[in-house]
Amino acid sequence: MNKSDIIIVGGGVMGSSTAYSLRKLGFNGSITVFEKDPTYEYSSTARSAGGFRQLYSTAVNITLSRYSLGIYKTFAEDMALDGEKAEIDFKQPGYLFLATERMMPAYEKQLALQQSLGVPSELLSQSELKGLIPELETGDLAGGLFCKEDGYLDPYSVMQGYRRQAQRLGVVYETAEVVQLLSESGRMTGVQLADGSVHAAPVVVNCAGAWGAALSEQLGVPLPVVPLKRQMYVFDTAKKLEKMLPLTIDPTGVYFRHEMEKVVAGFSDDVKPGIDFSWKRSAFEDLWPTLAHRVPNFEQLKLETGWAGLYDHNTADQNAIIGEHPLRGGYYVAIGFSGHGMQQAPGVGLGLAELIYKGKYETLDLSPLRVSRFADNDLVLEDAIV
Ligand SMILES: Cc1cc2nc3c(=O)[nH]c(=O)nc-3n(C[C@H](O)[C@H](O)[C@H](O)COP(=O)(O)OP(=O)(O)OC[C@H]3O[C@@H](n4cnc5c(N)ncnc54)[C@H](O)[C@@H]3O)c2cc1C
């Protein structure tokens, strides 16, 4: 029978960051990552918008992003392989939540917490918003919450950076689908693969993203996570904007940013949970009035392309679920990231690796995101969900 010390199910950004971090901490046992699709065609990482922000309302989310910022700033050099930089196209034009009068008190509260944790966020007035985006319609806005350190990056390259380094350090990536997580007497024993074979391990880490909750349910320990389709749109405008856009969130939740000369936009609409990758061009009609109102240059645009991807959406509090499951010894999860996994991946990988290898968090305290918080009725109530 095949055996490993640690099995990781899913080789996306979470699985790869965790595998890499285990090695960096000095764990030299065997690690096998099972990834069903090495092209990553449908993985959330490959379909992400890549937004990066420290603008959250809870300490755990702010500190996770702040840690990741330090990693992403030097990722290209630190993760270079054979003299070739691991470029991730990290751009920092800032991240901006636009606010109506009614929203300002909540942003003032967030600002105080963010600044106390070292984030250089600032509240902008109407006229300062105009300074940032001269074309912005500000008549119905009171201001905005802005962080100049934030922005966006190329998610696929981040994932490949972690994967290549993990492989260099001896982590084995196998192309296979895990169909069942296995346990006996309350402890993990391994996984069963689609070809019927069993691979044994005392530690199994569920990093299977939008597919992960189904595996956990089969194991008998359901998690409050569902796959939710999210659509992205890329358009071009005849009249170009004067300046590079920060990643901007309209009060309606519609968001947009530049991608070279073009603009990428998205919106978390109400959809039924399920695995669905169909991209509906017509759904853009729901966003377009908001976009055209907020930036008059967007009134005349050409919708060029787009895509659909899956959030692994946590239905209980929309935040990540990280740690060992209290009902199965050796069963670790990193799931439920909804729309903010890319900005958390470096800290999550390190935290999970510390928990598995050292038995406790050392660098960042991720215990608020523990599995048992649902049973404890101790949810992580984050106001800044996109
Ligand atoms: C449209 C969209 C926009 C987003 N925008 C942002 C953003 O702006 N900022 C941000 O921070 N985050 C964003 N996210 C979220 C972010 O991309 C995810 O949180 C993150 O990529 C999750 O990584 P993961 O490794 O957990 O999941 P994935 O990347 O999905 O990786 C899981 C892997 O597991 C594999 N797998 C699944 N089941 C099995 C199995 N049974 N056996 C073997 N392999 C299996 C899959 O093939 C997959 O490769 C966005 C996501 C989407 C879809």
Side-chain angles (χ1 to χ4, degrees), residues 7-19 32-54 56 61 64-65 68 72 95 150-156 158-160 162-163 173-181 191-194 199 204-216 218 225 227-233 247 249 255-257 264-269 275-277 279 306-314 318-322 333-349 352 385-386:
I7 285 174
I8 298 177
V9 186
V13 75
M14 294 303 166
S16 295
S17 163
T18 304
T32 303
V33 178
F34 287 107
E35 170 51 59
K36 64 180 176 177
D37 176 15
T39 71
Y40 292 97
E41 184 179 356
Y42 295 107
S43 309
S44 301
T45 303
R47 290 172 177 251
S48 177
F52 177 91
R53 67 179 152 112
Q54 301 170 81
Y56 285 98
N61 283 336
L64 258 173
S65 283
S68 299
Y72 285 144
Y95 207 108
D150 298 351
Y152 43 89
L153 42 71
D154 174 16
Y156 183 81
V158 171
M159 184 269 294
Q160 283 294 352
Y162 277 125
R163 181 180 161 128
Y173 277 69
E174 275 196 25
T175 300
E177 181 177 4
V178 169
V179 290
Q180 185 97 41
L181 307 178
V191 299
Q192 185 174 357
L193 305 177
H199 195 112
V204 176
V205 190
N206 185 342
C207 290
W211 297 266
L215 285 173
S216 204
Q218 275 179 340
V225 174
L228 267 196
K229 180 168 90 163
R230 293 289 177 242
Q231 293 208 165
M232 302 295 307
Y233 309 88
L247 201 159
I249 317 278
Y255 59 91
F256 49 91
R257 67 162 167 89
V264 179
F267 177 60
S268 293
D269 47 355
I275 306 275
D276 175 7
F277 292 100
W279 181 71
W307 68 91
L310 297 174
Y311 276 13
D312 51 336
H313 177 79
N314 170 346
Q318 298 173 303
N319 281 296
I321 308 172
I322 298 163
V333 303
I335 196 171
F337 294 92
S338 303
H340 46 274
M342 285 315 301
Q343 50 219 289
Q344 301 195 329
V348 169
L352 202 50
I385 294 289
V386 175

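Just so you know, ligand 1 is whichever comes first in the structure, and atom 1 is the first atom listed for that ligand. For the single chain, residues carry numbers from 1 onward in sequence order. Only this structure's heavy atoms are used, side chains among them; waters, hydrogens and symmetry mates stay out.
At least one heavy atom of Gly339 sits less than 4.0 Å from an atom of ligand 1.
Residue contacts with ligand 1: Val13 is placed with a nitrogen or oxygen under 3.5 Å of a nitrogen or oxygen of the ligand (distance criterion only). The N/O atoms of Ser43, backbone and side chain alike, include one that comes under 3.5 Å of an N/O atom in ligand 1. For the pair Val9 and ligand 1, the shortest N or O to N or O distance does not fall below 3.5 Å. Between Asp312 and ligand 1, not a single N/O pair is under 3.5 Å apart. Backbone and side-chain nitrogen or oxygen atoms of Ala46 are examined, and none is located within less than 3.5 angstrom of a nitrogen or oxygen of ligand 1. Between Gly341 and ligand 1, an N or O atom pair is found at a separation short of 3.5 Å. Polar contact with ligand 1: absent for Tyr311 (N/O pair, distance under 3.5 Å).
The nearest protein atom to atom 33 (C) of ligand 1, hydrogens excluded, is given as Glu35 OE1, 3.4 Å; this is a heavy-atom distance. From the protein, the heavy atom lying nearest to atom 50 (C) of ligand 1 is Ser48 OG, 3.4 Å. Counting only heavy atoms of the protein, atom 11 (O) of ligand 1 lies nearest to Gln343 NE2, 2.6 Å. Among all non-hydrogen protein atoms, the one lying nearest atom 27 (O) of ligand 1 is Gly209 CA, 3.8 Å. In this structure, the protein non-hydrogen atom closest to atom 1 (C) of ligand 1 is Arg47 O, 3.2 Å. For atom 9 (N) of ligand 1, the nearest protein heavy atom (residue, atom name, distance) is Gly51 O, 2.9 Å. Nearest protein heavy-atom neighbour of atom 29 (O) of ligand 1: Thr45 OG1, 2.5 Å. The closest protein non-hydrogen atom to atom 42 (N) of ligand 1 is Val178 N, 2.9 Å.
At a heavy-atom cutoff of 4.0 Å, ligand 1 is contacted by no atom of Tyr42, backbone or side chain. Contact annotation: for Cys207 versus ligand 1, heavy atoms closer than 4.0 Å belong to the backbone alone. Both the backbone and the side chain of Lys36 come within 4.0 Å of ligand 1, counting heavy atoms alone. The proximity of Ala345 to ligand 1, defined as any non-hydrogen pair under 4.0 Å, does not occur for either the backbone or the side chain. Neither the backbone nor the side chain of Ala308 has a heavy atom within less than 4.0 Å of ligand 1.
Two residues are said to be in side-chain contact when any heavy atoms from C-beta on lie closer than 4.5 Å; Ile7 and His199 meet this criterion. Using a 4.5 Å heavy-atom cutoff, the side chains of Trp279 and Gln231 are in contact. At least one side-chain heavy atom of Val386 sits under 4.5 Å from a side-chain heavy atom of Arg53. Taking the side chain as every heavy atom from C-beta outward, Ile249 and Tyr95 approach each other to under 4.5 Å. For the pair Ile275 and Tyr42, the minimum side-chain heavy-atom distance is 4.5 Å or more.
With sequence neighbours left out, Tyr72 forms a side-chain hydrogen bond (donor to acceptor under 3.5 Å, both in side chains) with no residue at all.
Arg257 and Ala49 get closest at one heavy-atom pair: NH2-O, 2.7 Å. Of all heavy-atom pairs spanning Gln318 and His313, the tightest one is NE2-CE1, 3.5 Å. Here the shortest heavy-atom pairing between Asn319 and Ile385 reads OD1-CD1, 4.3 Å. Summarising the geometry of Ala334 relative to Ile322, their closest heavy-atom pair is CA-CG1, 4.4 Å, with the distance given to 0.1 Å. In plain terms, the two heavy atoms of Val9 and Leu181 that are nearest each other are CG2-CD2, 4.0 Å.
Less than 4.0 angstrom separates some heavy atom of Ser338 from each of these atoms of ligand 1: 15 (C), 19 (O). Those atoms of ligand 1 that come under 4.0 Å of a heavy atom in Gly309, given as number and element, are 53 (C). Annotation for ligand 1: atoms under 4.0 Å from non-hydrogen atoms of Met14 are 23 (O), 24 (P), 25 (O), 26 (O). Numbered from 1 in the order shown, with element, the atoms of ligand 1 that lie under 4.0 Å from a heavy atom of Gly10 read 33 (C), 34 (O), 35 (C). Atoms of ligand 1 found under 4.0 Å from any heavy atom of Leu215, numbered from 1 in the order shown, are 41 (N). Residue-ligand proximity, His340 to ligand 1, at heavy-atom distances under 4.0 Å covers atoms 10 (C), 11 (O), 12 (N). Of all atoms in ligand 1, listed by their number and element, those nearer than 4.0 Å to a heavy atom of Tyr40 are 49 (O). Heavy-atom proximity to Met232, at under 4.0 Å, picks out these atoms of ligand 1: 1 (C).
A donor-acceptor contact shorter than 3.5 Å links the side chain of Asn206 to the backbone of Gly212. Using modelled atom types, no side-chain atom of Thr45 and backbone atom of Pro155 make a donor-acceptor pair closer than 3.5 Å. The backbone N or O of Gly11 sits less than 3.5 Å from a side-chain atom of Ser16, completing a donor-acceptor pair. Side-chain atoms of Ser44 do not come within 3.5 Å of backbone N or O of Tyr311 as any donor-acceptor pair.
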Note to self: Apply side chain to side chain donor-acceptor pair (under 3.5 Å) to residues Asn61 and Gln343 and explain how you reach the verdict.
What the structure shows: CA-CA 9 Å; Asn61 283 336; Gln343 50 219 289; over 6 Å; no

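Using cut-offs of 30° and 60° on the angle between ring planes, the pair Tyr156 and Tyr40 is perpendicular.
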